[in-house]
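The first residue of the sequence shown is numbered 1, and numbering continues consecutively from there.
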Amino acid sequence: MKSIEVKGTARTIAERSSEQARALKAIRKNNGVPCVLYGAGENIHFTVPAEGLRNLVYTPHIYIVDLIIDGKKINAIMKDIQFHPVKDTILHVDFYQIDEAKPIIMEVPVQMEGLAEGVKAGGKLTLQMRKLKVKALYNVIPEKLVVNVAHLGLGKTVKVGELSYEGLELLNAKEAVVCAVKLTRAARGAAAAAANS
């Protein structure tokens with residue numbers, strides 16, 4: 001998995017919630033994003049310039065984050081992100097420190113591979129789940145999960161329970177459909193014509 005560097009500055013948390021709210025508002029007004037790092041014993045509160053998160057957030061890729069907080073480097077993953085409901089700006093990001101001996105949970109993009117049999121017969125291939133939730137040691141997690149669809153006939157699906165990857169535990173519901181070849185009108189017509197001939 002690729003890594004990306006994010007630089008931040010530690011911040012102190014005010015005792016009173018009204019002061020805390022004012023501080024967070026001031027950070028956002030100055031194009032900063034309040035962040036929290038969990039899993040490091042004591043949570044670390046820090047601020048990152050909004051521009052410094054762009055390549056991490058607005059991308060289909062997943063990354064290990066090299067967090068540099070006041071010059072100290074910590075390996076982490078992005079755990080959660082909150083956007084402004086109207087402006088779509090980043091309001092807050094949670095990171096989780098990586099422990100090399102403990103599995104982490106991450107969403108990994110799905111990539112379909114191969115030309116499905118059902119597509120050759122006039123069907124339409126659709127990807128129902130763009131990402132799958134996996135649990136594994138961070139150094140085992142791939143950049144993407146490849147699903148071979150060459151065998152997939154008309155009206156057939158690939159479900160989470162049919163997939164397996166070495167060293168990874170898939171956490172989505174086993175019955176959830178990852179991808180499917182749907183019948184199109186043209187394929188239905190061809191199938192009906194074949195049945196009547």
Item to check | Verdict with reasoning, Glu117 to Lys120, per salt bridge (Lys or Arg N to Asp or Glu O under 4.0 Å) | outcome: CA-CA 5 Å; Glu117 289 294 330; Lys120 293 180 198 168; 3.6 Å; yes

Does the [X] side chain pair with the main chain of [Y], one donor and one acceptor, at a distance under 3.5 Å?
{"X": "Asn75", "Y": "Asp66", "answer": "no"}
{"X": "Arg11", "Y": "Ile27", "answer": "no"}
{"X": "Asn30", "Y": "Gly32", "answer": "no"}
{"X": "Thr126", "Y": "Gln128", "answer": "no"}
{"X": "Tyr165", "Y": "Val146", "answer": "yes"}

Atom of [X], atom of [Y] and distance for their closest heavy-atom approach:
{"X": "Val36", "Y": "His45", "result": "CG2-ND1, 3.5 Å"}
{"X": "Pro109", "Y": "Pro60", "result": "CG-O, 3.4 Å"}
{"X": "Ala121", "Y": "Leu154", "result": "CB-CD1, 3.8 Å"}
{"X": "Leu137", "Y": "Glu100", "result": "CD2-O, 3.6 Å"}
{"X": "Val181", "Y": "Ala116", "result": "CG2-CB, 3.9 Å"}
{"X": "Lys133", "Y": "Asn172", "result": "N-OD1, 2.8 Å"}

Distance check, rounded to the nearest 0.5 Å: [X] atom [atom1] versus [Y] atom [atom2]?
{"X": "Leu56", "Y": "Arg54", "atom1": "CG", "atom2": "CZ", "result": "12.0 Å"}
{"X": "Ile4", "Y": "Thr59", "atom1": "CD1", "atom2": "OG1", "result": "7.5 Å"}
{"X": "Cys35", "Y": "Ile69", "atom1": "SG", "atom2": "CD1", "result": "8.5 Å"}
{"X": "Arg130", "Y": "Gln111", "atom1": "CZ", "atom2": "CD", "result": "12.5 Å"}
{"X": "Leu183", "Y": "Lys124", "atom1": "CG", "atom2": "NZ", "result": "13.0 Å"}
{"X": "Ile98", "Y": "Met106", "atom1": "CD1", "atom2": "CE", "result": "7.5 Å"}

Checklist entry - Do Glu162 and Lys159 meet the salt-bridge criterion of a basic N to acidic O distance under 4.0 Å? => result no

Side-chain touch [X]/[Y], heavy atoms, less than 4.5 angstrom:
{"X": "Pro49", "Y": "Asn31", "result": "no"}
{"X": "Val93", "Y": "Met78", "result": "yes"}
{"X": "Phe46", "Y": "Thr9", "result": "no"}
{"X": "Tyr63", "Y": "Val6", "result": "no"}
{"X": "Glu107", "Y": "Ile62", "result": "no"}
{"X": "Phe95", "Y": "Leu67", "result": "yes"}
{"X": "Ile105", "Y": "Val134", "result": "no"}
{"X": "Val110", "Y": "Leu127", "result": "yes"}

Item to check | CA sep, side-chain torsions, deciding dist, call: Ile90, Ile81, side chain to side chain contact (heavy atoms under 4.5 Å, CB included) | outcome: CA-CA 7 Å; Ile90 304 166; Ile81 185 163; 3.9 Å; yes

Item to check | Whether over 12 other heavy atoms sit under 6.0 Å from Lys79 NZ | outcome: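 It does: Lys79 NZ has more than 12 such atoms within range.
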
[X] and [Y]: same hydrophobic cluster, using ILVMFWY side-chain contacts below 4.5 Å?
{"X": "Ile68", "Y": "Val57", "answer": "no"}
{"X": "Tyr38", "Y": "Ile104", "answer": "yes"}
{"X": "Ile74", "Y": "Val65", "answer": "yes"}

Checklist entry - Out of Leu170, Leu168, Leu132, Ile141, which residue meets the side chain to side chain contact (heavy atoms under 4.5 Å, CB included) rule with Val108? => result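 Looking at Leu170, Leu168, Leu132, Ile141, the match for Val108 under the side chain to side chain contact (heavy atoms under 4.5 Å, CB included) is Ile141.
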
Checklist entry - Would you say the side-chain atoms of His92 and Asp94 include a donor-acceptor pair closer than 3.5 Å? => result yes

Next on the checklist: Set out, in order, the CA-CA distance, both residues' side-chain angles and the distance that settles side chain to side chain contact (heavy atoms under 4.5 Å, CB included) for Val177 and Met129, then state yes or no.
Outcome noted: CA-CA 7 Å; Val177 173; Met129 299 176 79; over 6 Å; no

